[in-house]
Structure formats: C-alpha cells, structure tokens
There are 2 protein chains.
Amino acid sequence: MILRALRERDRVPVTVLAELTGCSEMTIRRDLDVLERDGCLRRVRGAAVNMLTGEETPFPLRARQQVEAKRRLGAAVAGMLDDGETVVLDSGTTTLEVARSLADRRLTVLPLSLHGADALRPAERVRLVLPGGDLRAGELTFVGPLTEYALNTMRFDTVVLGCCGLTVRDGVTAHDLVEAQVKKAAVAASARVIAVLDHAKLVRTAFARVCAVAEVDVVVTDRDAPADQVDQLRQAGVEVHCV
Amino acid sequence: MILRALRERDRVPVTVLAELTGCSEMTIRRDLDVLERDGCLRRVRGAAVNMLTGEETPFPLRARQQVEAKRRLGAAVAGMLDDGETVVLDSGTTTLEVARSLADRRLTVLPLSLHGADALRPAERVRLVLPGGDLRAGELTFVGPLTEYALNTMRFDTVVLGCCGLTVRDGVTAHDLVEAQVKKAAVAASARVIAVLDHAKLVRTAFARVCAVAEVDVVVTDRDAPADQVDQLRQAGVEVHCV
DNA sequence: TGATACGAACACAAAACGTGTTCGATGGGC
DNA sequence: GCCCATCGAACACGTTTTGTGTTCGTATCA
C-alpha cells in the first residue's frame, strides 16, 4: 500500500499513510525503515519520498511488483527448456521466476546474477556454473571482463534473456551499458535466444543496445501485449508466446 | 547433542537418543530428518548412523563445530587486514568466520565459495568480485579452469587460506585435488599468505598438496596448538599467532 | 506373522513477530 | 533560540509461528 501510494504522489506524509492504511504512525515508520533499507524509497522528516529519479527501479521494489504475472512467464519459459540443456540465465526479477520454476529439472545453468544462483542452489539436479565478475551491489549481477571472458569460453543451447525494452525497430535494450555488454556476450554464446518480458516493455526502448530483433528466436510475454507489436514481431520471424 | 553422541559411537538408536536428550522419540526423528537433509548423518531403521567414512566431513556439520574458536580465529585474521586491501578469501568454515568479521571493513574481496560471498553481501563497503567456476554441491566452492583463470588474471595483497592440514614437512594440504589446484592459484596470485586453522590440523597432512611452508607468511591458530609444531614453524620463518 | 519403528495428524505450550501506546529526545521552522 | 511536530526506544498486548508430545494407522524386518 505504501509503495502504491508513493507511485501516485512523489511525497506522502507519514500521517497520510497511517490514515490510508488504518494503522498507527509507528507501524508506518517501521515499514518505511524496511523499505528504505531495501532501497525502495527515501525517508525525510515526516514523510516518505519517491526515489525513482533515474532509469532503473531498484531490485527489491521490482521483485515486489506483478509477482503472479512473472511466475506465469517463468513457468512458460521453463516449459520450453529440454532436460540436459545448457542454459544462460540472465539477471532480473522475471528471469528469477524462471529459476524458481527449474527446481526439479536436470540442466546445466549459468546464472548472470547471484539471485539466480541462490534460487537454483536447492535444485539438486541442476549443475551450476557461475561466470564470476564484479558483483553489482543492488542487482547482484555479474559484470565486467571476467564475466565476458567466461561467456566467451563456453557455448550454450539457450539464453533466457530478461530485458528492459524490446521493439522491432530498436531490438533488445537494457538500462545499463556494462550489463548490456554481458547480455551481448550471452546472446553470442547461445544457439537459441528466448527473451522474456512483460507487455509494458514491448513498447519501450532503453538506453543500451543488446542485439537486433533478428537474433531473438522466441519472445515470451503476457496476454496484455499490444497486438500490433506482437504482429510486427511475428512478421520479423520471431516466435511469440503470450501467457 | 545428537551429533556429539554420534561422534563417540557410530550407531545410536533413536530410543537411546530420546533418553539421552530427555525428549520424545518423535522429536528425535524430526531432528534426524533435518540432520540427514544437511548431510550430517545417515538414518537407518531405529537408529542414526555416522556417515563419516571418507576424508571430508560435510560442510553443515563442520559449521556446527567449535563455533566460538573459529570466531576468535576469524576476528584475529580480520585484524591483520588493512583497509583498502585486495583479499582472496578461501573456502571453509573457519574462513567463513573471517568473512563475518569483515562486515564494516573497506576491502576488495574475492571469495572462493558462495558461502563467503553470502556472508559479505551485507558489507556495504566491501567490493565483491567472484571468480566464477563450477559450483561444488555441498561446499559451494568454485573450482575448475574458470576459477583458475580468474585468479591468474588478478593480483592480491593477501590470501586467507583455510586448509585441512599444515606441517613443516608436508606444507599446506587439502582433501580434494581440484580444490587444491584453486588454492595453489590463489597462493600464486597473492603477495601475502595467511593460513588459518585450528590446532588439530597442525599435525595433520591431507591428500592434496597446495604449497610448501616457505610460501606461508602467517599462521593463525588457537592456543591449544602443540608447542613443538609452533616452534618448528617459527624456525621455518613463519609468523605464528595463537589466539 | 508379530513386534518394532515409522510418520501423518492433532493438541498444546513457548517463542517470535507485528502492532499500538507512552514518553523522552531530536530536529526544523518561525 | 524557542516551540511544536516528528522521531525512535521501551514496554505491553494479541497473533502467528514454531517446537514438542501424544495418538494411531501403516510399513518394515526378524
């Protein structure tokens, strides 16, 4: 409720949040503490302030959004992977749900974030290989030359790509340049590219270019995907699944 | 209590454990479930059986042993690291305690196990770089050519080495060949080698050789270390701390 | 086939958690 | 520099979760 209120206005007083939620101000303050620690908002005296200034929404906030839809996407992607495959699992909250759908599968997985590795740790039949590299603080993604070297020395059957934007015109795009570099290497190292993203990202273009639409084999998105975008993608030879 | 009982006898009936602990058999069974899942013992009908057959005790069991002593060792090693240093943090339960003592330090750390990475994740001022590689299931250590490549491309001020055995005659030894290979690379990449181990390991020699005593700069162990071993190490030019 | 061990299901107590209140400390605006 | 609003520590309370013991039907081994 707090995050929802904060999405509408940029600054919401503690008193208003207390009234809105029907609980005491003390409870609000405690919740604001947690949310601030997670990097979901900024606290000022008397109120919570939206911290979404730049491009990228912080991971813990994204992880709290549209959980059910992401779970469906994750299950759909998991269903496209065959047992025994070698898979690069990109970073992001949607691909994280893919990882969670892989618990009892037999695969070799190279996750591009520690979150992915954590999710796959209990999966006994999954062989985990980590790429290494600099660990970006919030996202816990691997970036840098070490990561790219690792991807360059291996070949994979499939890369499950999470992206910030995908259009026929601009291809796959990401917010961050160094992350895009890693994604690029992952695409180059993989025989099949599955991009997974919610419908909102199908009309969006982010800053850093990853690859052209021609390099994408499959797009998995939700049912709210705009029909014209889906048509354009299909005409461009991309297999599109709306789940 | 269960694990202690199992260290004395190799097979302890559920009824005996119930009597020993003063709780019901059902509770014992539930605890045995957990311990078996963690790989600390094996269950047979009517009893728990010690599973320590081979060389290496499983990680969750070791992590439960001598926690206080390890914590002291960890704090001592942490005190030897200067702010701003680049450090390789070896795998193992003792070095894990070193990681926990590094929470508010400013360092660049390359952990050789996921456990180490997890422990350092909340440390905001620690720059984490992971080596990558194959993830060994139980220990969660990085091994293989990828790990060695990463170590070969970097130089470090210090390596905090956890080892299974260390004697003047046989040098530093480990249980596993591929792990030893990684440790070897870590030693080669570091200007200073700090070995941390409890006193029992000072008279032990394991299977796989890591390096000679001459390559070790500092040994941190506990006060129960045998005096003659300590003397020998000092005569060999090693700085020994018993904490 | 019988005695023993097992685990699912329920009941119960203890601990942990979330919440609200009070109250002294702190901070920004006039 | 004062004052009022906000803050967080401390305590109290109800709820939830966890751990434990009991019962009882089922599975297992001699």
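Lettering of chains follows the sequences in order, A, B, ..., and the numbering in each one begins at 1.
- Using a 4.0 Å cut-off between a side-chain N of Lys or Arg and a carboxylate O of Asp or Glu, R29(A) and E25(A) qualify as a salt bridge.
- Residue D31(B) contributes atom CG, which lies 13 Å from atom C1' of dG21(D) at whole-angstrom precision.
- Within the structure, every side-chain polar atom (N or O) of S24(B) is placed at least 4.0 Å from both OP1 and OP2 of dT20(D).
- Distance L32(A) CG to dC7(D) P: 8 Å, rounded to the nearest Å.
- Across the protein-nucleic acid pair, R45(B) atom CZ and dT4(C) atom P stand 11 Å apart, rounded to whole Å.
- Counting atom types as modelled, R30(A) pairs a side-chain N or O with a base atom of dG20(C) as donor and acceptor under 3.5 Å.
- The distance between atom CD of E25(B) and atom C1' of dG7(C), rounded to the nearest whole Å, is 13 Å.
- Using a 4.0 Å cut-off between charged nitrogen and carboxylate oxygen, R30(A) and D33(A) do not count as a salt-bridge pair.
- Counting to the nearest Å, the P atom of dA5(C) and the CG atom of D33(B) are 17 Å from each other.
- When rounded to the nearest whole Å, the span between CZ of R43(B) and C1' of dA5(C) equals 10 Å.
- Contact annotation for V44(A): backbone-only contact, meaning every heavy-atom pair under 4.0 Å involves sugar-phosphate atoms and none involves a base.
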Assess whether side-chain contact (heavy atoms from CB on, under 4.5 Å) is satisfied between D134(A) and L146(A), documenting all intermediate values. CA-CA 8 Å; D134(A) 274 271; L146(A) 224 57; over 6 Å; no
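- When rounded to the nearest whole Å, the span between CD of E19(A) and C1' of dG20(C) equals 17 Å.
- M1(B) has its CE atom 18 Å from the P atom of dG19(D), to the nearest Å.
- Between D83(B) and R125(B), some side-chain heavy-atom pair lies under the 4.5 Å cut-off.
- For M26(B), the listed nucleotide lying nearest its side chain is dG7(C); candidates were dG7(C), dT20(D), dG20(C).
- For a distance-only test at 3.5 Å, the side chain of R29(B) fails to qualify as a donor-acceptor partner of the base of dA5(C).
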